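The structure presented is a predicted model; accordingly, all values stated were derived computationally and were not measured.
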Amino acid sequence: MDYTLKQQSPAAVRQGLMIIGAYEDLSLTTAATELDKAHHGIFSAYLKTGDFKGKIGDSQLFYNLPEATTKNLATKNSAVRVLLMGCGKREQLSLADIRKIYRAAAQKAAKLAITHAHNYLTELSTEHDDAQTVLRAAMIASAEALYRFEEYKSEKNKSTLQKYTFASLTKPSAAQQQGLDEALAISKGMALTRDLSNLPPNICHPSYLAQRAQQLQKHYSKQLKVQVLSEAEMKKLGMGAFLAVSQGSAQPGKLIVMEYQGTSKTRKPIVLVGKGITFDTGGISLKPGPAMDEMKFDMCGAASVFGTMVACCEMGIGLNVVGIIAAAENMPSGAATRPGDIVRTMNGTTVEILNTDAEGRLVLCDALSYVERFKPDTVIDIATLTGACVIALGKVASGVLGNDQALIDSLLDAGQRSGDRLWQLPLWDEYKKQLKSPFADLANIGGRDAGTITAAAFLAHFTEKYRWAHLDIAGTAWHSGNDKGATGRPVPLLTQYLLDRVHDHPTKS
């Protein structure tokens, strides 16, 4: 899709779709008012019928506009479709409202037999957000709605839409253009995240992820350096927990390291660690059959790191960022780890594996030990880690825990601003007692109670040398049911956090 932002009179539109708006008080947006005056008051007359309330989600499509009454609007306008969108209460619009409006408009545009949509809602604003933030949110919401994954469909989606213009009656501001540029980078990252996550597990295995990382290195050769550690190399490093997961599969595990340098080498990096279980059967502790196909999404954390690294490269963000992918497949076989096995992690801790379906924390703990070599400013791990998080927070918010409240507060704020929200759970010492083992230093599960917290408590044991936050995205990384597919979260959150670090929170030395 070709996205642009430009000043454009409705008179310049000769084909395709124009998107305009009306508020709940039945006043029209500026572009809608101009069109209304030129076309015999067609929209204001329609609003008087009472059929259209102007609420967010309301819409009405118009065909065959009457001949224009002014010279500056050519009669060829009559061939243009016009979509009137409800814009809610003008003085009470939130960023979430704007996302809903743009998402709905894009969805409707995609269903029409057009090649070009011209969205004239760029005048929409909120009380607390600047023009850059609003345009960025609008474009990301539009791109989310227009995303399709059809690589393996014989019959592709029949949408003909190719161009999407964010149109303004006045010259767009530099802030709006910057918002669009950032949104294009973030949307590209989100699309990659969704593509990787939606791929079938017979295609997207650890070696495939390693190949995709190497392709990114070629594409962003001046910004990105990639290293892929094999199982033999991980064995030399003592990553016994990671290898305990991958040993049951014919697909070898990979530790993928992507280093982005956007500022001086002396600046400490922010490290993102993604859980990349490309398929999770549960291992010997086998999962139930229903919905097991969705366990291809157990690598969404890794996919979000891929997407965020792409966004960093596209934006040229002024930070040093390291992306670590802990990629493995969790399978039952004669070589698989058994419940009751004890393994030694990279930092020397011994772990009794009571449940092989608690495998994400095993690959992550060794990855979290590995990142110490980067002397990180901050470490954030992202994982579809626990079903308990879905029970606690549903599909709305991701869980966040960590060892540094200032970091967590920054992430919470980034979540609010990006619409990719988090909710903090406690990580008190009392929960660590549930991880005691009579035979090893730690057990890999802590029982049914507080499952999300005890999983984070396990990871916390390996993060004592740096400030760290853990994102449990098990509820937010993908949709089930008729709309099954990856969401691209938490790429918006992570990129907002990184942008905030550039603009508001310079990296500490």
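No side-chain donor-acceptor contact under 3.5 Å links N202 and Y208.
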Worksheet item: For L112 and K108, what are the C-alpha separation, side-chain angles and deciding distance, and is it a side-chain contact (heavy atoms from CB on, under 4.5 Å)?
Response: CA-CA 7 Å; L112 301 175; K108 293 183 181 299; 6.0 Å; no

Discussion item. Test side-chain contact (heavy atoms from CB on, under 4.5 Å) on F62 and Q60; report intermediate values, then the result.
Written reply: CA-CA 7 Å; F62 291 82; Q60 180 62 46; 3.7 Å; yes

Worksheet item: Given the rule in the side-chain contact (heavy atoms from CB on, under 4.5 Å) test, do Q223 and C312 qualify, once you have shown the distances and angles that lead to the verdict?
Response: CA-CA 9 Å; Q223 299 163 288; C312 287; over 6 Å; no

Discussion item. Show, in sequence, the C-alpha distance, side-chain angles and deciding distance for T165 and T4, and conclude whether the side chain to side chain donor-acceptor pair (under 3.5 Å) test is met.
Written reply: CA-CA 5 Å; T165 297; T4 56; 3.1 Å; yes

Worksheet entry | Verdict with reasoning, S168 to E123, per side-chain contact (heavy atoms from CB on, under 4.5 Å) | CA-CA 7 Å; S168 174; E123 68 184 77; over 6 Å; no

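In this structure Y260 satisfies the ring pair (Phe, Tyr, Trp, His ring centres under 6.0 Å) test with no other residue, sequence neighbours excluded. The side chain to side chain donor-acceptor pair (under 3.5 Å) test applied to R194 returns no partner, not counting sequence neighbours. Partners of A185 under the side-chain contact (heavy atoms from CB on, under 4.5 Å) rule, at least two apart in sequence or in another chain, are E314, M315. Every residue two or more places apart in sequence or in another chain that forms a side-chain contact (heavy atoms from CB on, under 4.5 Å) with S398 is listed here: L422, I473, T476, R489. Residues forming a salt bridge (Lys or Arg N to Asp or Glu O under 4.0 Å) with K484 (at least two apart in sequence, or on another chain): D293. Remark: S264 pairs with T266, R267 by the side-chain contact (heavy atoms from CB on, under 4.5 Å) rule, at least two apart or across chains. Residues passing the ring pair (Phe, Tyr, Trp, His ring centres under 6.0 Å) test with W468, sequence neighbours excluded: none. Taking the ring pair (Phe, Tyr, Trp, His ring centres under 6.0 Å) definition, one finds that F166 meets it with Y164, sequence neighbours left out. By the side-chain contact (heavy atoms from CB on, under 4.5 Å) test, V257 is found to be paired with Q227, L229, E259, V322, I324, Y370, F374, residues two or more places apart in sequence or in another chain being considered. Applying the ring pair (Phe, Tyr, Trp, His ring centres under 6.0 Å) criterion to H118, with sequence neighbours excluded, gives H116.
Each salt bridge (charged side-chain N to carboxylate O under 4.0 Å, His left out) pair with one or both residues in residues 163-187, not counting sequence neighbours, appears once here: R136-E182. Applying the salt bridge (charged side-chain N to carboxylate O under 4.0 Å, His left out) test to pairs two or more places apart or on separate chains, those with a residue in residues 42-64 are E24-K55.
Other residues, nucleotides and ligands contribute only 12 or fewer heavy atoms inside 6.0 Å of the NZ atom of K111. Summarising the local packing, CZ of R421 is surrounded by 12 or fewer heavy atoms from other residues, nucleotides or ligands at distances under 6.0 Å.
Between Q261 and K225, every side-chain heavy-atom pair lies at or beyond the 4.5 Å cut-off. Residues L161 and M1 are in side-chain contact: their nearest non-hydrogen atoms beyond the backbone lie under 4.5 Å apart.
Electrostatic pairing of D381 and K275 does not count as a salt bridge here, judged by no charged N lying under 4.0 Å from a carboxylate O.
The distance from atom CD of Q132 to atom CD of Q178, rounded to the nearest 0.5 Å, is 4.0 Å. Considering CD1 of I140 and OH of Y102, their distance stands at 13.0 Å, rounded to 0.5 Å.
Using modelled atom types, one side-chain atom of D36 and one backbone atom of I42 make a donor-acceptor pair closer than 3.5 Å.
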